[in-house]
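If you scroll down you'll find the structure; I have some questions about it.
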Amino acid sequence: MSDPAVLTETDEQTVDMKDIVALCKRRGFIFPASDIYGGLNGFWDYGPLGTELKNNIRDLWWKSMVITPPIGPDGLPVEIVGLDSAIIQNPKAWVASGHVGGFSDPMVDCKETKLRYRADHLMVLVPKDGEGRWIAYQEGAESDEVEKRVKKLGSGRSISAFEPTPLMDIDVADYDKVSAPDTKTQGTLTEPREFNLMFHTYVGATASEDSKVYLRPETAQGIFLNYKNVLDSSRVRVPFGIAQIGKAYRNEVTPRNFIYRSREFEQMEMEWFCHPDEAEKWHEFWITQRKDWWQSIGVKEDDVFIRPHDADELAHYAKDGLGTVDVEFKFPFTAPDFGELEGIAHRCDFDLTQHQEHSGTKMEYIDPVTNERYIPHVIEPAAGLSRGVLAIICSAYTVDESRPSGMYLDFHPSVAPKKAAILPLTAKEDHVPLATELYKELREHYNVDLDIKQNIGKRYARQDEIGTPFCFTIDNDTIEDKTVTVRHRNTMKQERIAMDKVLDYMREELKKF
RNA sequence: GCGGGUGUAGCUUAAUGGUAAAGCCCUAGCCUUCCAAGCUAGUUAUGAGGGUUCGAUUCCCUUCACCCGCUCCA
């Protein structure tokens, strides 16, 4: 966790999520899904500008992974190939991955205390003589705490007069005898309810358990399923990576914080296959790479935090390995703490071994030089694209009371939905044809806006709100000497350049970032 | 899923058991030579469903969404 004491008050610029959500809707970044029907909890739609922003982040990730992957520790470019796997896979894949079964948690609620427990974490002391109340406690509770409860509720008997029994083994009909862990009242526990976080549907016309399939809760498994296909078809050699971007679905109990936790979201995952002895080296390598990448697209350095997972929060696949490190971002709703943006996990050989066992397909890699046979270890930088969009917007949101819009989005030009706006100073005279001419030239190279209507101040303000780095304005001087003014978003400063040099100018300016 | 809170136009705020009002925004026109200016006109709302009532945005019920706290987050 971050240390709030390190942050001074003046560092904290309080941006309210309400303002960000309102801006996103007003300017067409992000809308509630099926807005006209009142929305749907946990689902969001990306508007015209949000789609551009998301695509830009997505493309930059793909470029940094697949097109121009980084130079490895040995000075040579690393090798990563792309993949786009189906959202619905054979349900056996999710059994092997541990998502079916392990991913559904039966929960019980206490009607009196309103507390909720995992049913499989509750133990019940059942009186061996069948008399008196049954006493529930949480697995892992201190033994003297349990004894204290027995002394209080056990009618004078010692703990040996009871049989510790998992709640899951107890008939629901007997629940009225049970005192929940934080009350002495009996019968306050509800029936266990399943909270499987995977969406399911049925393949084919008839719905039956045999045809039940799941929407993927992560894109990673699609990569493991195709590990052998890729190996056999693309001449890659360990170490190498397979990258994939796509939607994933989780039926979250509580979608919260705008698009931060939604039920449909987009992931950018890369599985890096390497020799077990080299896993640590590559883990370190990718942690550094990933942090640098987020900063390269405009996430401010102070807002990013690298946090190793504590031992008790590690996922099942990471317990025996080097653990997981999160790249975290200081979201307005987590500040001064941070929230997960990307997890860089050492998954060991868990997934490939699981799929080998369940499918019967050999997942071994045979080193062509040494003939060593082994199942590669996997380092997984798994980033949230949806969360990335939110982080970029939050990071860019800059309050500036001195300008008409009251704020601007300080987007890095590489992610900005619009790289420039071309604005004729007035809608009359000869400004418009010249502006159109410039627009037609620039749109061949960049995503740019031509905006003619209303006075110039309103148009600058609008571009500030959507984070356009440059505005090129055509005025009477343009007609005479073919020059335009450049207005810079962050400084509002203006300079004058030749109209036929605008494209070169943009190229030079964008290089500076 | 539990508890609490909030739902009136794109935004901010009014009002009412009996025609829902305004400012900003937006759109069109005029005017404008650089930062939401001015003039004119215009579009847009009681989250949804049901009940009580002659009549409900207002009272009641249900539901949905959002916010906060639990819980959950492989």
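Residue numbering restarts at 1 for every chain, and letters A, B, ... go by the order of the sequence lines. Keep in mind it's a predicted model, so treat the numbers as computed, not measured. Computed from heavy atoms alone, side chains included, the values below leave out hydrogens, waters and symmetry copies.
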Looking at A:Arg489 and A:Asp410, is there a salt bridge between them, counting it only when a charged N and a carboxylate O are closer than 4.0 Å? yes
Verify the contact: side-chain N or O of A:Gln454 to OP1 or OP2 of B:C26, cut-off strictly under 4.0 Å; return yes or no. yes
Name the pairing partner of B:C70, where a pair is Watson-Crick or G-U wobble with both distances under 3.5 Å, or state none. B:G1
Please determine, for B:U40, whether a Watson-Crick or G-U wobble partner exists with both distances under 3.5 Å, and give it or none. B:A28
Phosphate OP1/OP2 of B:C26 contacted by A:Arg462 side-chain N/O (<4.0 Å): yes
So what's B:A65 paired with, Watson-Crick or G-U wobble, going by both distances under 3.5 Å? B:U6
Using atom P of each nucleotide, how far apart are B:C26 and B:A37 to the nearest Å? 8 Å
What integer number of Å spans the C1' atoms of B:G5 and B:U43? 33 Å
With the threshold set at 4.0 Å, does a side-chain nitrogen-carboxylate oxygen contact exist between A:Asp464 and A:Arg403? yes
Which of these passes side chain to side chain contact (heavy atoms under 4.5 Å, CB included) with A:Cys394: A:Tyr260, A:Phe258, A:Phe329, A:Phe333? A:Phe329
When you compare B:A41 with B:U6, how far apart are their C1' atoms, in angstrom units rounded to a whole number? 36 Å
Phosphate contact (B:C26 OP1 or OP2) by A:Lys453 side-chain N/O below 4.0 Å: no
Is it the case that B:C35 (base atoms only) and A:Arg487 (side chain only) share a donor and an acceptor within less than 3.5 Å, ignoring hydrogens and angles? yes
Taking atom C1' in both B:G7 and B:U63, what distance in whole Å separates the two? 13 Å
Quick check: on RNA chain B, is the nucleotide nearest A:Asp475 upstream (toward 5') of the one nearest A:Val21, or the reverse? Name the residue that is more 5'. A:Asp475
I'd like the C1' distance from B:G3 over to B:U12, given in whole Å. 30 Å
Work out how far the C1' atom of B:U44 is from that of B:U8, and round it to whole angstrom. 13 Å
What's the gap between B:G49 and B:A56 when it is taken at their P atoms, as a whole Å value? 13 Å
Hey, could you give me each pair passing ring pair (Phe, Tyr, Trp, His ring centres under 6.0 Å) that has a residue in residues 416-437 of chain A? Not counting sequence neighbours. none
One should read off an interatomic distance between A:Glu342 CD and A:Trp61 CH2, to the nearest 0.5 angstrom, of 8.5 Å
If you measure from the C1' atom in B:G29 to the same atom in B:C34, how many Å do you get, rounded? 23 Å
So what's B:C59 paired with, Watson-Crick or G-U wobble, going by both distances under 3.5 Å? B:G51
Can you find a side chain N or O atom of A:Asn455 that sits less than 4.0 Å from OP1 or OP2 on B:C34? no
Of A:Glu340 and A:Lys25, the one whose closest nucleotide on RNA chain B sits nearer the 5' end is A:Lys25
